[in-house]
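These notes concern the structure reproduced below.
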Amino acid sequence: MTPTDPVVTPPAHTPEGGVLVGNANARHVMILYEDPQCPYCREFEELNGPVLSTLVDSGALAVEYRMRCFLGAESVRADNALALSAEAGRFDQLRRALFAAQPPEGSGGFRTQDLLQIGADAGLTEPDYVAGVREARYEKWVLKREDLYQEQDPQGTPAAWLDGNPLDAKVLFDPPLLERRLRT
């Protein structure tokens, strides 16, 4: 990418490039960095996804997902699809589906056809989503955003901040402890 290449910014994102799931006025706001190719992020989702969803649905928590792509081309392709899913209002559905279908790291997964099928399974069959995946519409933006996120979150994924305070990895992988922190 050269400095003159146009970078198309997708709608339905925060000014920081994340996607907010839940009410911005929730009691707690979590910023969560994830890479769709990261096995630890999938583990975090498996351990804590139901609690996060319950708290988001109740209005007690909002989560701003800032998707990373440092694990390679698979992550870049998946993040492009996630940006498109946010436009269609189905970001969280696709995010969860990607973790459920996560191929082994570095295996060449999340190919265009994979993302179209996973997207269809998550209710994303609109022509704009299909075209955006095929043309890699937001990949330049995804890569530019990764540079910014690397500065904000140099230690990797998953990483989280709750109400502006970093959460230790021990908290992230201790579901009862995380739930207590989210409910107080």
Side-chain angles (χ1 to χ4, degrees), residues 1 7-10 12-14 16-21 30-50 52-53 63-88 90-124 129-130 132-161 166-173 175 178:
M1 180 167 55
V7 177
V8 179
T9 301
H13 285 74
T14 67
E16 295 78 19
V19 176
L20 187 67
V21 175
M30 177 185 277
I31 295 173
L32 181 59
Y33 291 90
E34 294 181 319
D35 186 311
Q37 187 67 24
C38 170
Y40 299 109
C41 295
R42 182 189 68 234
E43 181 182 353
F44 174 82
E45 175 65 25
E46 290 168 353
L47 289 170
N48 299 299
L52 294 181
S53 292
V63 181
E64 181 182 338
Y65 290 95
R66 297 184 183 176
M67 301 306 294
R68 303 276 316 264
C69 63
F70 65 92
L71 290 175
E74 296 97 334
S75 298
V76 174
R77 290 189 296 267
D79 279 2
N80 175 68
L82 284 162
L84 292 156
S85 72
E87 285 182 297
R90 301 198 59 81
F91 170 83
D92 203 38
Q93 292 87 339
L94 182 61
R95 187 188 64 77
R96 285 184 272 135
L98 288 172
F99 282 128
Q102 185 184 77
E105 188 178 334
S107 67
F110 289 145
R111 298 167 310 189
T112 298
Q113 197 55 41
D114 299 330
L115 294 166
L116 293 174
Q117 183 60 57
I118 295 167
D121 293 345
L124 289 157
Y129 174 80
V130 172
V133 168
R134 287 194 171 128
E135 68 193 32
R137 182 177 301 155
Y138 297 123
E139 282 191 7
K140 289 179 184 176
W141 176 81
V142 164
L143 291 166
K144 185 176 179 181
R145 188 189 57 190
E146 175 58 30
D147 292 340
L148 171 67
Y149 289 171
Q150 180 62 36
E151 292 174 20
Q152 295 173 355
D153 168 38
Q155 73 266 13
T157 57
W161 281 256
L167 289 173
D168 187 88
K170 292 176 186 173
V171 174
L172 295 179
F173 289 95
L178 179 61

*asked:* Looking at every non-hydrogen atom in both residues, tell me the closest pair between Asn80 and Gly132 and how far apart they are.
replied: ND2-O, 3.2 Å
*Worked verdict on Leu98 versus Leu115 for side chain to side chain contact (heavy atoms under 4.5 Å, CB included)*: CA-CA 8 Å; Leu98 288 172; Leu115 294 166; 3.6 Å; yes
*Is there a side-chain contact between Cys69 and Gln37, using heavy atoms and a 4.5 Å cut-off?*
no
_So, using side-chain contact (heavy atoms from CB on, under 4.5 Å) as the criterion, who are the partners of Ser53 when residues are at least two apart?_
none
*If you look at every heavy atom in Ala78 and Phe110, which pair is closest and at what distance?*
CB-CD1, 3.8 Å
*Apply salt bridge (Lys or Arg N to Asp or Glu O under 4.0 Å) to Arg90 and list each qualifying residue two or more places apart in sequence or on a separate chain.*
none
_Going by ring pair (Phe, Tyr, Trp, His ring centres under 6.0 Å), name the residues that satisfy it together with Tyr138, two or more places apart in sequence or in a different chain._
none
*So how far is it from Leu84 CG to Glu135 CD, rounded to the nearest 0.5 Å?*
8.0 Å
*Would you please test Leu32 and Phe44 for side chain to side chain contact (heavy atoms under 4.5 Å, CB included) and show each step?*
CA-CA 11 Å; Leu32 181 59; Phe44 174 82; 3.6 Å; yes
*Which residues pass the side-chain contact (heavy atoms from CB on, under 4.5 Å) test with Arg96, sequence neighbours left out?*
Glu45, Asp92, Gln93
*Listed by chain and number, what are the salt bridge (Lys or Arg N to Asp or Glu O under 4.0 Å) partners of Glu34, not counting sequence neighbours?*
Arg95
_Reported CZ-to-CG distance for the pair Arg77 and Asp114, which is rounded to 0.5 angstrom_ = 8.0 Å
*Under the side-chain hydrogen bond (donor to acceptor under 3.5 Å, both in side chains) test, which residues partner Glu64, sequence neighbours left out?*
Thr14, Arg66
*Nearest heavy atoms of Ala88 and Leu124, plus distance in Å*: CB-CD2, 3.6 Å
*Residues in side-chain contact (heavy atoms from CB on, under 4.5 Å) contact with Pro39, at least two apart in sequence or another chain*: Arg42, Gln102, Glu105
*Which atom names give the shortest non-hydrogen contact between Pro36 and Met67, and what distance separates them?*
CD-CE, 3.9 Å
_Smallest separation among heavy atoms of Ala81 and Val133, with atom names_ = CB-CG2, 4.2 Å
*asked:* Classify the ring geometry of Phe173 against Tyr40: parallel below 30°, tilted from 30° to 60°, perpendicular beyond 60°.
replied: perpendicular
_Shortest non-hydrogen contact between Glu74 and Gly109, atoms and distance_ = CG-O, 2.9 Å
*Would Ile31 and Glu16 count as a side chain to side chain contact (heavy atoms under 4.5 Å, CB included) if you check the C-alpha gap in whole Å, the side-chain angles of each, and the deciding distance to 0.1 Å?*
CA-CA 11 Å; Ile31 295 173; Glu16 295 78 19; over 6 Å; no
*Between atom CG of Leu178 and atom CG of Leu47, what is the distance when rounded to the nearest 0.5 Å?*
9.5 Å
*Partners meeting salt bridge (Lys or Arg N to Asp or Glu O under 4.0 Å) with Asp79 (sequence neighbours left out)*: Arg145
*Contacts of type salt bridge (Lys or Arg N to Asp or Glu O under 4.0 Å), residue Glu43, not counting sequence neighbours*: none
*With sequence neighbours excluded, tell me which residues meet side-chain hydrogen bond (donor to acceptor under 3.5 Å, both in side chains) with Thr112.*
none
_Partners meeting ring pair (Phe, Tyr, Trp, His ring centres under 6.0 Å) with Tyr33 (sequence neighbours left out)_ = Tyr149, Trp161
*Would you please name every residue forming a side-chain hydrogen bond (donor to acceptor under 3.5 Å, both in side chains) with Ser75, sequence neighbours left out?*
Asp35
*Mind checking whether Arg134 and Leu116 have side chains closer than 4.5 Å, heavy atoms only?*
yes
*CZ of Phe70: more than 12 outside heavy atoms within 6.0 angstrom?*
yes
